[in-house]
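The next block holds one structure in the form of structure tokens; read it before the comments.
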Amino acid sequence: MTDHADMKNSDPSRRELLKFVNVGKWYGDFCALWDINLTIHAGERVVVCGPSGSGKSTMIRCVNQLETFEAGEILIDGVVVQNDPKSLQDIRRKVGMVFQNFNLFPHITVIQNLMLGPIRNLKVSKKEAEERAMHHLEKVRIAEQAKKYPSQLSGGQQQRVAIARSLCMHPDVMLFDEPTSALDPEMISGVLDIMVELAEGGMTMMVVTHEMGFAKQVADTMVFMDHGEIVEVAPPTEFFTNPKSERTELFLSQILQH
Amino acid sequence: MNEARLPPPAEKTRRVTLLDIAIISVVIVVLIYTYHRVEHVLVYTWDWALVFEYVIRVDEITGEIFPNLFLKGVAMTLRLAFWGTIIAAVIGIVMGLCRVSNSLFLKLGSRLYVELIRNIPPVVFIFVFYFFISSQIIPLLGLDRIEQTFSPGTLAVMEVLFGPTDLFTNFLAGLICLAVFEGAYITEIVRAGIQSIDKGQWEAARAIGLSRFRVLSDVIMPQALRTILPPLAGQFITLVKDSSIVSLISVQELTFLTQDVSNTTTHFFEAWMITAALYFMMCFPLAVLFQRFERFGLGIQRT
């Protein structure tokens, strides 16, 4: 424990929060992920991009075991991810996730959506869960919608609620799976603003997105994937101006020409 | 904008079309023909009064009114429907959850149950199952000796809830047959309801660390219930009607007693028409009630 604390004190930014080691995944004979190696340190912001079907979503869904994988291992804060109920609850406490389609629970109010995880998983009191929920709703600037049902909110608002729902678990890492892809164009900036604020607050983030403006603004590391492999890992300045791989170059030229 | 925005004048729609007139004419012709057959070709003397006595019996001396066989049958059918509904719902929910569980054993068990029952005619199922229950399970549980084991007070309550105590084992056998039979259909309704919920709901619930039980109880089931309720209501009405099958194993419900009446009086038409009306009077209000539930009870919030 002291070791751990020392390590944190000596260089907190070098703490390895999330680590993929030779991860591989297959759907039958189809190889969805091949030999994924990636380390994310505390406070690091990683943006993952690549053509559709390249395995980006699959990769981040492996972290909290929404997808299983057949080869290699994933470590969260030094602990190997395992697939039994107890460790799953631990992983999901440490790892928050935001989905493309928000996936709010439509039968309960916004604030109840936020309180469910803390009450059931973290066993906090109802009162504390409510305070947490209101705190995070204020952060995503929709506190006044707390008593509404998800269907009464716009897509952008729903996605901000979904972000707040994850934050209520006080996660160490936040995963974003194409958080703006299902939004109307005028809603995107509201969600991205929240994500930028989150990044500035020091949250460790792994974001799958096609929003290259956002990537340039917040990413510490860019990851490019194609055909289930990580093709390139580089800081954004290098990644956008001088990509090493031809595939990256081609992808960037396609996505940035607008 | 000063001018009023009026809707375009409504197109006149004709209420009664030529097709309607044609259909109504056909119906009238059929009715007249049927009347003609019954009155002039069929040799049958109607005697409604005689059969009505089997609905309500009036004591000639005291003038007191007693429910007779038809109403006793209705009471028994309602008892079957009430308990059958509860037991079938429990079976259906448990088996439906087994169907979507991770355990291969539970999945296969539930599947086997549903497929067996759906692919065997109800009458055959009830004969097979009845002989098994009445000869094995009921003696095993000691239920054939209740008259000796319970106090008169308890027996009186049981008579209201389950009908005459001397026929209790018979009632129970019929009830279990009916519940196991209908439970299979409810299992399918529950399964379909659970599977209608978007995969993203499971994922979001798991992503905030809910256990499998909590995912189901807090997120999936409350939503699935909205999909499940309308067909479930329909299934309960079916259950009321299907309860007539247990007349085959001598449970003294409406259909069984109607057979008695029609054999005794030989007025088959009146007896069965009264019974048809009685079933209708039980099922139709249920249908109306469930429709109300659907409309007012479920202010559905959906994304």
Side-chain angles (χ1 to χ4, degrees), chain A residues 57 60-61 63-67 83 85-110 112-123 148-155 158 161-162 164-171 174-175 177 182, chain B residues 89 93 96-98 100-107 189-233 290 293-303:
Chain A
S57 291
I60 73 164
R61 287 158 59 88
V63 176
N64 62 353
Q65 288 286 289
L66 290 182
E67 301 281 355
N83 205 345
K86 183 76 194 69
S87 13
L88 280 182
Q89 267 191 310
D90 280 349
I91 298 167
R92 288 166 182 168
R93 182 176 311 173
K94 289 179 186 162
V95 180
M97 183 155 198
V98 174
F99 299 88
Q100 183 175 353
N101 294 313
F102 336 132
N103 295 348
L104 294 178
F105 308 130
H107 61 296
I108 51 179
T109 59
V110 163
Q112 287 170 329
N113 263 275
L114 270 65
M115 290 162 64
L116 194 57
I119 288 176
R120 294 298 190 209
N121 186 342
L122 310 180
K123 312 283 181 214
K148 286 193 181 169
Y149 284 90
S151 58
Q152 293 169 291
L153 307 187
S154 72
Q158 289 192 42
V161 171
R165 178 172 68 181
S166 290
L167 291 175
C168 279
M169 301 294 290
H170 293 174
M174 284 285 282
L175 308 174
D177 188 2
Chain B
I93 289 168
L97 289 174
C98 288
V100 297
S101 89
N102 283 334
S103 149
L104 186 66
F105 174 74
L106 292 179
K107 243 192 248 180
I189 292 172
V190 171
R191 178 195 60 77
I194 291 174
Q195 287 178 349
S196 73
I197 303 303
D198 180 48
K199 218 170 101 257
Q201 291 290 311
W202 289 88
E203 289 178 350
R206 286 158 68 199
I208 55 169
L210 299 190
S211 64
R212 199 178 157 81
F213 172 75
R214 284 301 177 193
V215 172
L216 277 168
S217 75
D218 292 1
V219 177
I220 303 301
M221 282 312 273
Q223 296 182 61
L225 221 51
R226 290 173 174 154
T227 327
I228 290 172
L229 275 179
L232 198 60
F290 289 142
F293 272 152
E294 240 178 276
R295 226 174 302 151
F296 302 111
L298 310 167
I300 298 179
Q301 299 289 346
R302 289 236 141 154
T303 39

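Proteins get letters first, then strands, A, B, ... in listed order; numbering begins at 1 in each.
- In this structure, no portion of Leu88(A) lies under 4.5 Å from any heavy atom of chain B.
- Across all their heavy atoms, Thr109(A) and Gln112(A) have their closest contact at N-OE1, 2.9 Å.
- Proximity to chain B is limited to the side chain of Phe99(A), based on heavy atoms less than 4.5 angstrom apart.
- No other option in Gly209(B), Ala205(B), Ser211(B), Gly200(B) has as many heavy-atom pairs under 4.5 Å with chain A as Gly209(B).
- A donor-acceptor pair under 3.5 Å is absent between the side-chain atoms of Gln201(B) and the main chain of Asp198(B), judged by distance alone.
- Using a 4.5 Å cut-off between heavy atoms, Asn64(A) touches chain B through its side chain atoms alone.
- For chain A, the nearby part of Arg214(B) is the side chain; its heavy atoms alone come within less than 4.5 Å.
- Not counting sequence neighbours, Asn103(A) has no partner by the side chain to side chain donor-acceptor pair (under 3.5 Å) test.
- In this structure, the side chain to side chain donor-acceptor pair (under 3.5 Å) partners of Asn113(A), at least two apart in sequence or on a different chain, are Arg165(A).
- Heavy atoms of other residues, nucleotides or ligands lying less than 6.0 angstrom from NZ of Lys199(B) number 12 at most.
- Interface remark: Gln65(A) contributes backbone atoms only to the contact with chain B (heavy atom separation under 4.5 Å).
- At a 4.5 Å heavy-atom cutoff, Val98(A) makes no contact with chain B through either its backbone or its side chain.
- Between the side chain of His107(A) and the backbone N or O of Asp218(B), at least one donor-acceptor pair lies under 3.5 Å.
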